[in-house]
Amino acid sequence: MSGDNQRVDAPHSPSAVPSVAPVPPEPAPAAAPAPVPVAAPAAAPVPGRSRLRRLARPGLTLAAAGLAFAYVGTVDPNEPGHYPVCPLFRVTGILCPGCGGLRSAHAFAHGDLITALGANALAVAGYFAFAGFMVLWLVRAYRGGPTPRFVLRRPYWWALGTLALVFVVVRNLPFGAALAP
């Protein structure tokens with residue numbers, strides 16, 4: 001043993017323990033009488049959320065989106081006075097990534113995909129992404145799975161931001177007039 005270990009282990013070594021008369025063990029406390037087994041009622045399964053309750057959140061979200069599309073489908077954004085003008089476009093004349101989104105939603109609600117893409121292609125991509133997310137959410141809720149989460153790593157957020165910026169720049173240039181509403 002090294003010097004440090006000798007000092008630490010010295011009190012525990014058999015030669016270092018002083019001889020002391022053994023102490024008799026204390027008597028064990030009296031044991032309580034064992035309970036009489038009684039037939040317990042069968043354990044009820046832990047109630048999970050019912051299927052209807054699991055489908056409520058995605059169903060209400062889908063209903064809200066459907067109502068919004070129904071409103072935009074009935075109130076034409078191509079007629080002036082129904083919706084406010086984009087503030088960025090009003091002040092600077094620059095089309096933002098959302099400009100034409102209501103016209104796109106109106107055309108999409110009427111089933112005119114070509115017109116919807118012409119009004120705002122980025123919004124149409126968003127509609128399809130939302131639809132895919134809703135299908136996934138509804139299927140998972142129906143099966144009792146976890147709610148899907150939309151989590152992207154930082155490089156993907158940068159890529160989406162770059163895509164939106166390129167979309168804005170191109171739709172505001174003469175050669176990108178096809179992307180302008």
Side-chain angles (χ1 to χ4, degrees), residues 42-181:
V46 177
R49 294 188 330 180
S50 70
R51 182 172 289 160
L52 181 64
R53 191 170 172 133
R54 288 190 316 257
L55 288 170
R57 284 180 37 209
L60 289 173
T61 303
L62 191 59
L67 286 173
F69 264 92
Y71 179 78
V72 173
T74 57
V75 180
D76 191 2
N78 294 312
E79 296 175 10
H82 292 292
Y83 299 101
V85 178
C86 173
L88 181 68
F89 182 72
R90 176 174 282 192
V91 172
T92 64
I94 295 174
L95 297 167
C96 76
C99 283
L102 286 173
R103 283 176 249 159
S104 174
H106 179 77
F108 195 82
H110 287 275
D112 190 0
L113 189 59
I114 301 301
T115 304
L117 283 168
N120 191 328
L122 196 59
V124 174
Y127 305 151
F128 282 113
F130 178 76
F133 180 79
M134 286 307 304
V135 166
L136 178 65
W137 193 8
L138 285 167
V139 167
R140 283 190 180 179
Y142 182 80
R143 292 181 179 169
T147 302
R149 295 176 40 132
F150 187 70
V151 179
L152 291 177
R153 293 190 180 117
R154 186 173 293 182
Y156 294 112
W157 282 114
W158 279 102
L160 285 174
T162 303
L163 176 69
L165 183 63
V166 167
F167 179 71
V168 167
V169 170
V170 169
R171 77 189 310 207
N172 283 293
L173 294 175
F175 67 86
L179 294 176

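Computed from heavy atoms alone, side chains included, the values below leave out hydrogens, waters and symmetry copies.
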Peer 1: Could I get the full list of ring-ring contact (aromatic ring centres under 6.0 Å, His included) partners for H110, not counting sequence neighbours?
Peer 2: H106
Peer 1: What residues form a side chain to side chain contact (heavy atoms under 4.5 Å, CB included) with F69, not counting sequence neighbours?
Peer 2: A105, F108, A109, Y127
Peer 1: With sequence neighbours excluded, what pairs up with L117 under the side chain to side chain contact (heavy atoms under 4.5 Å, CB included) test?
Peer 2: L113, A121, V124
Peer 1: Does Y71 have any side chain to side chain contact (heavy atoms under 4.5 Å, CB included) partners at least two apart in sequence or in another chain, and if so, which?
Peer 2: V75, Y83
Peer 1: Hey, does the side chain of S104 reach the backbone of G100 with a donor-acceptor pair shorter than 3.5 angstrom?
Peer 2: no
Peer 1: Considering only heavy atoms from C-beta outward, does the side chain of D76 approach that of H82 to under 4.5 Å?
Peer 2: no
Peer 1: Tell me, please, which residues at least two apart from V85 pass side chain to side chain contact (heavy atoms under 4.5 Å, CB included).
Peer 2: F89, R90
Peer 1: Cut-off 3.5 Å, no hydrogens considered: what does the side-chain donor-acceptor table look like for residues 60-67, sequence neighbours left out?
Peer 2:
from, atom 1, to, atom 2, distance (Å)
T61, OG1, R57, O, 2.9

Peer 1: If you look only at pairs with a residue in residues 139-165, which of them pass as a side chain to side chain donor-acceptor pair (under 3.5 Å), with sequence neighbours excluded?
Peer 2: R51-Y142
Peer 1: Supply the atom-to-atom distance L179 CG to L95 CG, rounded to the nearest 0.5 angstrom.
Peer 2: 10.0 Å
Peer 1: So how far is it from F167 CZ to L160 CG, rounded to the nearest 0.5 Å?
Peer 2: 13.5 Å
Peer 1: With side chain to side chain donor-acceptor pair (under 3.5 Å) as the rule and sequence neighbours excluded, what pairs involving residues 170-181 come up?
Peer 2: none
